[in-house]
S.K.: 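Have a look at this one before I ask anything.
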Amino acid sequence: MTHERYETSDWRLVARAQAGDQQAFTELVQRYQRPVLHFCRRMVTSHEEAEDIAQDCFVRLYRVLPRLREEAQFSTFLFGIARNLTLNALRDAKRRGRHKAASLDERPLAADPLSRPERQVRVHEIESTLEAALAALTPEHRAVLLLREVQGLDYDAIASVLGCRKGTVRSRLARAREQLRVRLIELGGDEL
Amino acid sequence: MKSRHVYDKLSAYLDGELRRPGRVERHLASCPECAGRLRQLRAQSERLGKLSAPEITRDFAARVLEAVEHEPPPAAAGRGQVAWAGAAALVMLAGALVLYRAVLPDALEHANTPAGSGYPAEEAVIAAFQDVLEADGAPEDWMLADEPMGIAPLIPVDEPVEAEEFVELLALAVEPGLDAAPLDGDAWGALADLAPEETEILSELLEEYVHTLENGVES
């Protein structure tokens, strides 16, 4: 998935929203609600929490609209908010003593295996293993992997989201991938 | 003689981010271990890209719009948030100073002197942070306003920014999701509770800061 094809009109929508056009803001929400929710859902413990955070992302976006300038991909700004909000949520959960892993939600993302033919059951197993391995990573490693592999951002865009240099993205992504590979082997899912 | 494994370069190779991929390719042709590792990384990358997206509730956008209904219109917002943004930036910068003192001196041991300033980079960084810390809120004249830093997408790298605006942008860039409430009162106290993720953010912020001081703004 890539968000680059949107960039020109994203900023046009932002300009209209800055001028008070609610429809333009609505279009931005509708355009990015799914990728933002997907990112949040893979970062935190439950679907409900992810949805609350994703909505909060857009509220925060609304608040900072006047200060937005067209200097980077719009999506990197939005994912920057999502990343910070999810890290905040994970930190708060940790303080409250909840250490539930991201994949152990009461509502797993992988489809119900009982309703699927055998081949799809295998797909479900692979996805469940991948979810468990992802959940075992540190939030920062999970974030960089999601931005790259799921959202399809390039290194420059990820650097914008994380507020770091491209070299940091490169090294952190390499470590995250290696951690994931090791976790997958431990979970018996190395034959993806 | 067989060359060394290239495990640490495979991730960037996979993304086409190596400047000289030829060396890795030559090694891969003669090293089954590295070739096998690359296959694993590629497979897991492909699987991650196919992860199911969560279902989105039909009224998601409607609920967002309902939440912003009570917000001031975008064009009228902005200045009202300076206070908390400034406080957030203060906490961030204070945290960065703590980190700086604790972690980075060794890394800066061989730091170059910034061109024209006459101060070692280390002193310049400390002075900058102390200025912010000693100021009551946003400083009147941010000492680096003439030397804008490329630390975040929201901060223009080709034009100076006003002190207040800079602090505001910095806070939003570093921590857009930061809540104002926990920052009320003792900013230093808030640092005691920094999560590792926040520490990493601050550390990277400071690294960027020092890098810019040493090398100027990259175009």
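If you're wondering where the values come from, they're calculated on a predicted model, not measured in any experiment. Lettering follows sequence order; numbering is per chain, from 1.
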S.K.: So which of B:Leu51, B:Leu41, B:Thr57 has the biggest tally of heavy-atom pairs under 4.5 Å with chain A?
M.R.: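 Sorted descending by pairs with chain A, the first entry is B:Leu51.
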
S.K.: List in chain and number order the residues that pass salt bridge (Lys or Arg N to Asp or Glu O under 4.0 Å) with B:Glu17, two or more places apart in sequence or in another chain; answer none if no residue qualifies.
M.R.: A:Lys166

S.K.: For the pair A:Gln33 (side chain) and B:Phe60 (backbone), establish whether a donor and an acceptor sit closer than 3.5 Å, ignoring hydrogens and angles.
M.R.: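 Side chain of A:Gln33 to backbone of B:Phe60, a donor-acceptor pair under 3.5 Å: no, none is there.
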
S.K.: Can you tell me how the ring of B:Tyr7 sits relative to the ring of B:His5, calling it parallel under 30°, perpendicular over 60° and tilted otherwise?
M.R.: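 Geometry flag for B:His5 against B:Tyr7: parallel rings.
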
S.K.: Sort A:Ile53 into side chain, backbone, both or neither according to what part of it lies under 4.5 angstrom from a heavy atom of chain B.
M.R.: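 Neither part, no heavy atoms under 4.5 Å.
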
S.K.: Considering only heavy atoms and a distance below 4.5 Å, find which of B:Leu14, B:Leu10, B:Val68 pairs most often with chain A.
M.R.: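 Most pairs with chain A among the choices: B:Val68.
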
S.K.: Under a 4.0 Å threshold between the charged nitrogen and the carboxylate oxygen, would B:Asp8 count as salt-bridged to A:Arg170?
M.R.: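 Here A:Arg170 does not pair with B:Asp8 in a salt bridge, since their nearest N and O are not under 4.0 Å apart.
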
S.K.: Is A:Ala54 in contact with chain B via its backbone, its side chain, both, or neither, using a 4.5 Å heavy-atom distance?
M.R.: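 It is both, since atoms from each part get that close.
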
